[in-house]
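Presented below is the structure to which this report refers.
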Amino acid sequence: MTESDPLSHARDVKARHESDLLARPGVVGVGVGLRQRGGQITEQVAIVVMVRRKHPPTGLPPADLLPTEIEGVPIDVQEAGEISVSF
């Protein structure tokens with residue numbers, strides 16, 4: 001991990017794992033941004049995984065749980081709802 005450039009490291013990790021994360025049930029998007037904790041934005045860079053609806057971990061089958069971090073980069077799960085594109 002490049003401690004001096006956490007944003008570049010997070011982008012690289014996201015690029016390597018994005019397709020696997022998008023294949024999980026309920027995931028509608030994956031990005032890199034600042035982690036949110038308790039509704040507040042922190043200064044910690046994270047891979048942001050957007051889901052249709054956020055569920056407590058105890059309400060999900062173990063196979064559907066998202067990791068808390070990948071290659072040292074924290075995962076921040078955020079509820080986004082349905083995402084649609086109109087042309």
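Side chains are part of it too, since the values below use all heavy atoms of this structure and drop only hydrogens, waters and symmetry mates.
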Considering only heavy atoms from C-beta outward, does the side chain of [X] approach that of [Y] to under 4.5 Å?
{"X": "Asp76", "Y": "Ile47", "answer": "no"}
{"X": "Ile75", "Y": "Thr68", "answer": "no"}
{"X": "Ile70", "Y": "Pro67", "answer": "yes"}

Tell me the closest heavy-atom pair linking [X] and [Y], and the distance in Å.
{"X": "His55", "Y": "Arg53", "result": "CD2-O, 3.4 Å"}
{"X": "Val30", "Y": "Leu21", "result": "CG2-CB, 3.9 Å"}
{"X": "Ala80", "Y": "Met50", "result": "CB-CB, 3.8 Å"}
{"X": "Gln44", "Y": "Pro74", "result": "NE2-CG, 3.5 Å"}

Look only at the side chain of [X] and the backbone of [Y], and say whether a donor-acceptor pair between them is shorter than 3.5 Å.
{"X": "His9", "Y": "Glu71", "value": "yes"}
{"X": "Arg24", "Y": "Leu65", "value": "yes"}
{"X": "Glu69", "Y": "Gly72", "value": "yes"}

Run the side chain to side chain contact (heavy atoms under 4.5 Å, CB included) check on Gln78 and Lys54 step by step: do they pass? CA-CA 7 Å; Gln78 297 180 10; Lys54 197 167 177 179; 6.0 Å; no
Heavy atoms from other residues, nucleotides or ligands near CZ of Arg37 exceed 12 (cutoff 6.0 Å): no
Just one of Val48, Thr42, Ile41 clears the side chain to side chain contact (heavy atoms under 4.5 Å, CB included) bar with Arg35, so which one? Thr42
